[in-house]
Novice: 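Starting off with a structure, shown below.
All heavy atoms count here, side chains included; hydrogens, waters and symmetry mates do not. A quick note: this is a predicted structure, and the numbers were derived from the prediction, not measured. In listed order, ligands and their atoms are each counted from 1.
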Amino acid sequence: MSANGLAGGDGTRCVRGGVPQGEPVGAPLHRGPVLTSTFHLGRPEEADPGADFYARADNPTWREYESAVGVLDGGPCTVFPSGMAAIAAVLRGFTAPGRGVLLPSDGYYVARALADEDLAPLGIDVRYCATAGDWPAAIAAGDPPGLVLLETPSNPGLEVCDVRAIAAAAHEAGALLAVDNTTATPLGQRPLELGADLVVASDTKALAGHGDLLLGHVSAADPVHAERLRAARTRDGAIPGPMETWLALRGLGTLDLRLARQAENARALAVALREHPAVRDVRWPGLADDPAHVLARGQMRRWNGVLRFTLPDVHAVSAWLRATTMVDSTTSFGGLRTAADRRARWGDAVPDGLVRLSCGCEDTDDLVADVLGALDAIG
Ligand SMILES: Cc1ncc(COP(=O)(O)O)c(C=O)c1O
């Protein structure tokens, strides 16, 4: 039984989460997105309408989605129009001059850009630590931060850091801990249970899972923090569309199934790629001898489909991508189709030939044959 009373395992909670119970006869099994800006109000003399009144403040479709994701994360969830909108809400809402931020030097590059270009000019201290670095030491060095943001496993390096230990160090210093859980998904890792105060994610990726929308969310251990985020969302007006939210809720229903196939494909490909002479530095935390495996196993519930490897150079990556028939050259991850992204093109400080591979839901044998066949073809 989960915290809010929804019983069952991952599949049951993905399928049943957010679905209203005890509907009257004749009610549709699936409600569509609630597409309205305005709601009928009650008596005009009442200050508090006591129900939905304007869709910048709330929407029934958001509530269904937030209820489903909140159950998986283990805390009240607030949906945002993209992963970056969720990260921006946390970075802006929980930092200030004298309450700076410590974030991963090897995490998602737009989060770093936001900290450097929007927070630092306001006099907010912005500091960095590598995901596999010494976070307690970084927290203790200099003025205590107000917020520590982790990304584990990191994107694209797939390094892992110890959420429990860093939560203890952050709290000791009086800081909040937020974890970007995009790669793991709430089925793969529950940062709030590991001691984090906030979990943020780009639901654009595996959670919605079909590569057809952008969405994000923040879940909070403390309902007061959730309320702050909601109020800020209403004031800022950067709100998710009901249609995207509803599509993501529909996608969430199959997250358990998709993740299982994606992880199976990642395992098979990681094992096969390690044997190929053109390939170096295969990393997937699910491999028993991956440098991050022991730490990851101690805090993750299950694996996912994102791995990385390195080919000799950009030309090899290009030739390999031309030779495959089942790998799209795209920059998102967590979708149904297998996707490769050469991360140096975006300015990540990684080797030229480093590829982040997001395994899709194709049949494992087909995918392995295609990826290896294309590698053989380039010589
Ligand atoms: C780890 C991580 N966090 C956040 C984001 C931002 O999400 P979005 O593109 O939905 O704004 C991304 C996008 O790639 C990401 O990879």
Novice: Please report whether the ring centroid of Phe80 lies less than 6.0 Å from that of Trp62.
Specialist: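 Centroid distance Trp62-Phe80: not below 6.0 Å, so no.
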Novice: For Asp10, is there an ion pair with Arg301 - N to carboxylate O distance below 4.0 angstrom?
Specialist: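 Asp10 and Arg301: salt-bridged.
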Novice: Nearest protein heavy-atom contact for atom 6 (C) of ligand 1: which residue, which atom, what distance?
Specialist: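 For atom 6 (C) of ligand 1, the nearest protein heavy atom is Tyr108 CE2, 3.4 Å.
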Novice: Could you give the distance from CG (Leu269) to CG (Leu307), rounded to the nearest 0.5 Å?
Specialist: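 That separation rounds to 6.5 Å.
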Novice: Starting from atom 10 (O) of ligand 1, find the nearest protein heavy-atom neighbour and note its residue, name and distance.
Specialist: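 Heavy-atom neighbour on the protein nearest atom 10 (O) of ligand 1: Thr204 OG1, 2.6 Å.
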Novice: Are Arg92 and Asp118 ion-paired here, with the side-chain N under 4.0 Å from a carboxylate O?
Specialist: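 A salt bridge is present here (some side-chain N lies under 4.0 Å from a carboxylate O).
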Novice: Could you check whether the rings of Tyr109 and Trp346 sit parallel, tilted or perpendicular, using 30° and 60° as the cut-offs?
Specialist: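 Geometry flag for Trp346 against Tyr109: parallel rings.
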Novice: Can you list the ligand 1 atoms lying under 4.0 Å from a non-hydrogen atom of Asp180?
Specialist: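 Numbered from 1, ligand 1 contributes 1 (C), 2 (C), 3 (N), 4 (C).
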Novice: Strictly below 4.0 Å, N to O, side chains only: are Glu66 and Arg63 in salt-bridge contact?
Specialist: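 Result for this pair is no, no salt bridge flagged.
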Novice: Under 4.0 Å from any heavy atom of Thr182, which atoms of ligand 1 are there?
Specialist: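 So the answer, numbered in order with elements, is 1 (C), 2 (C), 3 (N).
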Novice: Provide the number and element of each atom of ligand 1 under 4.0 Å from a heavy atom of Phe333.
Specialist: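 Result: 16 (O).
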Novice: Considering only the protein, which heavy-atom contact is closest to atom 13 (C) of ligand 1, and what is its distance?
Specialist: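 In this structure, atom 13 (C) of ligand 1 has Lys205 NZ, 2.8 Å as its nearest protein heavy atom.
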Novice: What do the steps show when you test Thr364 against Glu264 for side chain to side chain donor-acceptor pair (under 3.5 Å), and what is the final call?
Specialist: CA-CA 7 Å; Thr364 307; Glu264 186 185 331; 3.3 Å; yes
Novice: Output yes when the distance from some N or O of ligand 1 to some N or O of Ile87 is under 3.5 Å, and no in every other case.
Specialist: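 There is no such contact.
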Novice: For ligand 1, is there an N or O atom under 3.5 Å from any N or O atom of Thr183?
Specialist: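 Among all N and O atoms of Thr183, none is under 3.5 Å from an N or O of ligand 1.
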Novice: Under 4.0 Å from any heavy atom of Asn155, which atoms of ligand 1 are there?
Specialist: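 Those atoms are 1 (C), 15 (C), 16 (O).
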Novice: Could you check whether His276 and Phe309 have their ring centres less than 6.0 Å apart?
Specialist: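 Ring centroids of Phe309 and His276 are no less than 6.0 Å from each other.
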Novice: So, regarding Met84 and ligand 1 (criterion: nitrogen or oxygen to nitrogen or oxygen, under 3.5 Å), is there a contact or not?
Specialist: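 Yes, Met84 has an N/O under 3.5 Å of an N/O on ligand 1.
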Novice: Do Glu151 and ligand 1 have an N or O pair less than 3.5 Å apart?
Specialist: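 No - when backbone and side-chain N and O of Glu151 are compared with those of ligand 1, no distance drops under 3.5 Å.
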Novice: Would you say Arg356 and ligand 1 have an N/O pair spaced under 3.5 Å apart?
Specialist: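 No, no N or O pair falls under 3.5 Å.
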Novice: Is the side chain of Arg342 donor-acceptor paired with the backbone N or O of Asp313 at a distance under 3.5 Å, no angle test?
Specialist: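 Checked: no pair found.
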Novice: Would you mind listing which atoms of ligand 1 come within a distance below 4.0 Å of any non-hydrogen atom of Ser202?
Specialist: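 It comes down to these atoms of ligand 1: 4 (C), 5 (C), 6 (C), 7 (O), 8 (P), 10 (O).
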